[in-house]
Structure formats: structure tokens, C-alpha cells
Amino acid sequence: MRRGSIASGPCCNICKTFIVSSPCLFGRCAGCPWRSATVVDIVGPGCFFGEKCMRQSLKNCTTVIATACALTAPSWSSGAPVENVILFISDGASWGTVDMASYWEFGERGRQPYDDFAVKLGMTTEPLSNPQATYDPSAAWDPTPTGDDDYFEGYKAIKQGATDSAAAGTALATGVKTSNGRISTDAEGNPLPFITQEMKASGRSTGVVSSVGFSHATPAVFGAQNVNRGDTHAIAHQMINEGTLDLIMGGGNPNFDDNAQRRATPEYDWLSEEDWTALNGPDAPMTLIETTSDFEALADGSLEIQGRLIGLPEAGATLQANRDPLTTPPDPDAPGSPNLGFPIGHELLPNVPTLATMTAGALNHLGKDEDGLFLMVEGGAVDWMAHANATGRVIEEQIDFNHAVGAAVDWVSANSSWDETLMIVLTDHGNGAPMGPNSDSIAFQPIENNGKGVLPGVLWHSGNHTTENTLLWANGAGSEDLLSMVVGEDPFLQSILGFNDGRYIDITGVNPAIRTAAGLVAPTPVPLPATGWMLLVGLGLMVGLRRRGLAD
């Protein structure tokens, strides 16, 4: 596979578009001289043209600007950037979530495909706020009793000011904190460039996979920009038609319900009827697959599809999480009990692919690109089931997520290598604060291991998102770049969780680490030769005279 560098980077905080150099040479601009815009509006202190320039036609200044820009063309590092980046997000997984799944599946910790990854860090997830909230380990782990239903001060602290998946996903996709509900836009609603756009511009293939609706918040931030996460029709339209994503897989098939049964009447919750009609038409913007056999054939390599691909399994909002019945029999010996081999006591829907199968198929499809790939895989229903404090279903969803990571690890071994692939496994925020069965009296008691195939002992402390210090694993080339993003140490990650040495990053540190590893880092401009400086001085004089004329 190709190794190389690209000429792409974010512009200033005003224009929000992709340009060759960042920050923009001429200050903070609303239209970039590297693009084919018709006007440029330059503002802000330190602007080369002064504190505030008049809006003017590029026809009068294209030549001088282009010449100056050419002389400051960026020098991109060719230091062997990684080709493939695979980002896994177990949405809403608290510390105890991984333990619950491990105890059920293996009867012990330490056997997940990511447990041996080279880098282990905590990650804090606060959204944008004023003043900006920051993580305080002493508050988050405070064992002081409260005398109320929160039990301990630390429990109360982590229930305050949590992010939603839209703001957290935006931080991961763009490296910028934003308000809850935003999809790759800032708090004022301005669109933010997201990592998938840059990966696509670099020549790599790009895709998203989710166990929930494909236009839901987390996959959305990697394929759309919208001020409202609930505007799923507009989000889906951008994801399908804009062309940034080469592959989309997830829930949201309008013809099927959550039990994978065909509906009498389609329900267009996740995309519009117009886009669904277009996907089924002769000039479809993406090839559509729906059947489990097609997903499995894509995963085993017996099916190859040319061009862009969208896979919507024959299921509703989730792959398996919302299937009936929604209750678990309390009697362990009753028909349908967890002892029969399923965490909720009910078999999986047979005509719906697993997240692992979808992940393997996605990697096979995107992996045909010799320039490399970027894939985001979300276990979205982990979060949904945590909101419901549904222990068995959370275990089921986390296991499916873990198997998807395992499928990706297998793909790297068979088709690539860790020398050219970066894999990151994380959650975007905690949810539910699951701890041990006596954690109402024992502060931060861990999940109780009752053995393989037996539901662990769990007490949930919330039905909503939390601000706990979450867990992150990374492996492969570039994983060390995450270490440069460390912002603090949380001793309780080691003393209570036994996870790492306490180091943690902020959620906004993932994006720049990926960009660094993939060779997308904003460059330092090449030093100007003497003639270049002379030209810039002349340009400054010209602009000064122009400004004086405008003022007069």
C-alpha cells in the first residue's frame, strides 16, 4: 500500500474549509484564496490586510494572493504516515461495562482483543460549557457519603454536566468541543471540518458502521454537519449524497421493524422517502445491500461491490437490542433464562448480521483502496441499553462490539500489518454508572464476577450519561501519538480500576493524534526566499494604499 503525504489541512476558525495551509497566511478568512471562491472577507487582529478589510472581489487580487501563497507552499512530512485508521466507539460504555461482558463471556478480565494493546489511557469527555468544565479526579472519586440516593459525592459529581453523543462525536471527529446536540458544527452553528473529509482528501477510502440507525449522532458526525442531531433526514441525505463516505452500514431500514419483520407500511425515521427511493433506483448514489447473506459474503470475500456501498440490514433502529421480549426471566431455570447461553435469555434474530460481520465486510470493501482507509465502527446500542439499565442487553451489545474489534484485528493480520495500521478503541462517554451490587454502601465497588455465563452482580446508579474518566486502548503505528496528548494523571485509574498508570487525555486529543499518525498535520510553511519577502512587502504596500483609498 502507498505511503505518502497530502496537501490538506483545516483553514482558520472562521472559514471552516479545507485549504493547503493552516493557519491561513492572511489571517482569519471567510473565503479561502486557495479555493475557487468569488469573494474573500478577512477579519481579526493581526490580519495581513489590517484589522478589518472590506469585502472585495477576488478578481482584483487573485494574482498577488496566489503568488504569495505559492511562495509559502507548505512542506508536508513524508515520514511514513499510517495508511489505515480504524476507530471503535462503544457508545456509553462505563468502566463496569467492559467487565460485565468479560465476566459473562470468559469468567475473567483481560481476554478482550484490545486488552493487550500497547497504549492504555483514560479520556475525559466534558462538552463545551461556559466556563469550561474540566475533570477533577478528587471530585470524581470522592468517597464521602451524601446521605441521599447518590450515596457518595463522587457518584453525584460524575452525574453532572455530561456530554451527549453528538458533542462527544464532534470532538472526536473534529478535535473541537461543541454544545450538546451539534453534529460537526460549533456552538454558533458553523460547520467544522471533520476527519473523514481529510482522510478522503488524502486518497483513502472512508466508512462508518453502527449497530443503531446510520444517521444517529455518532456515525453522523463522521459524514455530515448539522446544528440538530435530530434532523436525521438532512443528515442522511448529506451522508449518502455528498460523497465523503464510501461506505455506510447501520440500522434504519424503513421496511423492517426491530424484530426484523417486514412492516406493512415503511417508516422513514432515519432517512427520507426520497432518499430511500433513490437508493433503490437505477441511478442510485450508492449500491444498497440488505440481506444477511450479502453481508456475510462481503465479509468472507466472496462478494465484491464496485463503488460506494450502503448496507442497511433487515432490521429497524437496532440490529438486536430492541428485539422482543424486552424482559429477562428472573428464574435461572426457566425457559429463556440467561443460563441457556444468552445474556438476556433469548436467541439473536437470525436474519440480521452481527456488528462483527459488518465490520469485516466494511474492511474488505474499503481495503481494496491501495491508499489506505479510515473506518469508524460504533456499538451504538450499548448506550441505549445502558439508559435502560438493562444488564443482560448491555452485556450482549458489548460482546458484539468486542467481536467486531476482534474481526478488525484479524483483518489487520491477514491484509495489512500494525506497521501501517492504527486502531483505537474507546467510548464517547460513560452511561449508567454500573458498579458492584453493594456499591450503595461500598464506594466504587467493582462489578461482581459470578462466573462465565452467569449474570454478574451489578447496581446501576444512573439512567443517563456520566462524566467519569473513560477508558481508551490503542495499538499499531501512531498509537504513541496519543501519549503526547496527555493532560493529567488520575491515580484512581490505577488504584481502583487497575487500568493504567493514571495518565489521561481529553476527548479532543484523539483527533489531532489521528491526524498526526495519518500525515494530516498542519505543516510549517517553507521559509520564503528573499524575493518572496520583497513581494510580500510590496503586497503590503499595495493593500495599504488600497485601504487608504477605501477610507478616503
Side-chain angles (χ1 to χ4, degrees), residues 6 8-19 21-24 28 76-77 81-82 85-89 119 121-129 132-135 163-202 204 206 208 217-226 244 374-376 378 422 424-429 470 472 474 478-488 504-523:
I6 65 167
S8 176
C11 190
C12 59
N13 289 329
I14 299 299
C15 80
K16 311 296 185 190
T17 56
F18 287 99
I19 63 173
S21 178
S22 175
C24 179
R28 306 172 68 189
W76 291 90
S77 170
V82 298
V85 177
I86 308 171
L87 174 63
F88 281 93
I89 304 172
V119 173
L121 293 167
M123 186 183 77
T124 57
T125 61
E126 290 84 0
L128 183 68
S129 60
Q132 182 58 52
T134 56
Y135 177 74
T163 185
D164 76 341
S165 293
T170 296
L172 292 168
T174 71
V176 178
K177 285 186 183 293
T178 191
S179 304
N180 286 342
R182 304 291 193 184
I183 299 295
S184 289
T185 62
D186 65 18
E188 288 72 41
N190 301 304
L192 296 168
F194 48 91
I195 189 68
T196 331
Q197 292 173 318
E198 295 186 79
M199 288 291 187
K200 181 68 174 177
S202 74
R204 296 171 174 88
T206 60
V208 294
T218 301
V221 300
F222 293 93
Q225 295 154 317
N226 199 294
T244 297
F374 173 85
L375 177 66
M376 188 287 298
E378 181 204 23
L422 169 63
I424 302 173
V425 179
L426 51 77
T427 180
D428 53 352
H429 51 74
T470 64
L472 176 152
S479 57
E480 67 280 358
D481 290 317
L482 286 159
L483 300 176
S484 65
M485 300 296 162
V486 169
V487 296
Y504 66 89
I505 66 173
D506 182 73
I507 192 170
T508 54
V510 175
N511 176 278
I514 290 176
R515 298 180 74 254
T516 298
L520 305 177
V521 176

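Position 1 is the first residue of the sequence, and the numbers go up from there.
- Residues forming a side chain to side chain contact (heavy atoms under 4.5 Å, CB included) with N511 (at least two apart in sequence, or on another chain): I195, R515.
- At least one donor-acceptor pair closer than 3.5 Å links the side chain of R204 to the backbone N or O of A518.
- Side-chain contact check for L87 versus F222: some heavy-atom pair is nearer than 4.5 Å.
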For this session: Step by step, work out the side chain to side chain contact (heavy atoms under 4.5 Å, CB included) result for L426 and I89.
Result: CA-CA 5 Å; L426 51 77; I89 304 172; 3.8 Å; yes
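- Checked against side chain to side chain contact (heavy atoms under 4.5 Å, CB included), S484 has no partners two or more places apart in sequence or in another chain.
- Remark: the backbone N or O of A167 is paired with a side-chain donor or acceptor of D164 at under 3.5 angstrom.
- Here T170 contributes atom OG1 and F194 contributes atom CZ; the two are 10.0 Å apart, rounded to the nearest 0.5 Å.
- Across T178 and D186, no two heavy atoms sit closer than the pair OG1-C, 3.3 Å.
- Rounded to the nearest 0.5 angstrom, F88 CZ and M376 CE are separated by 10.5 Å.
- For the side chain to side chain contact (heavy atoms under 4.5 Å, CB included) test, residues two or more places apart in sequence or in another chain that qualify with T185 are R182, Q225, V227.
- In this structure, K177 contributes its side chain and T508 its backbone to no donor-acceptor pair below 3.5 Å.
- With sequence neighbours excluded, no residue forms a side-chain hydrogen bond (donor to acceptor under 3.5 Å, both in side chains) with S184.
- Residues that satisfy the side chain to side chain contact (heavy atoms under 4.5 Å, CB included) test with V176, not counting sequence neighbours, are T174, L192.
- Of all non-hydrogen atoms in D506 and M123, the two that sit nearest each other are C-CG, 4.0 Å.
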For this session: In sequence, state the C-alpha distance, the side-chain angles, and the governing distance for V221 and L172, and then conclude on side chain to side chain contact (heavy atoms under 4.5 Å, CB included).
Result: CA-CA 9 Å; V221 300; L172 292 168; over 6 Å; no
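- Take T244 and apply the side-chain hydrogen bond (donor to acceptor under 3.5 Å, both in side chains) test, not counting sequence neighbours, and it matches E242.
- In this structure, the side chains of I507 and H429 stay at 4.5 Å or more apart for every pair of heavy atoms.
- When the side-chain hydrogen bond (donor to acceptor under 3.5 Å, both in side chains) test is applied to D481, no partner is found at least two apart in sequence or on another chain.
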Problem set entry | Candidate pair D428 and T125, rule side chain to side chain contact (heavy atoms under 4.5 Å, CB included), full reasoning | CA-CA 7 Å; D428 53 352; T125 61; over 6 Å; no
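- With sequence neighbours left out, the side-chain hydrogen bond (donor to acceptor under 3.5 Å, both in side chains) criterion links T427 to no other residue.
- Of all the heavy atoms in M199 and V85, the pair that sits closest is CE-CG2, 3.7 Å.
- The shortest heavy-atom contact between P81 and G519 is CB-N, 3.5 Å.
- Here L482 contributes atom CG and I514 contributes atom CD1; the two are 7.5 Å apart, rounded to the nearest 0.5 Å.
- Between A217 and A166 the shortest heavy-atom distance is CB-N, 3.7 Å.
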For this session: Step by step, work out the side chain to side chain contact (heavy atoms under 4.5 Å, CB included) result for L121 and L483.
Result: CA-CA 8 Å; L121 293 167; L483 300 176; 4.1 Å; yes
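- Considering every non-hydrogen atom in both N180 and P127, the closest pair reads OD1-CB, 3.6 Å.
- Side-chain atoms of T206 never come within 3.5 Å of backbone atoms of F374 as a donor-acceptor pair (strictly under, hydrogens ignored).
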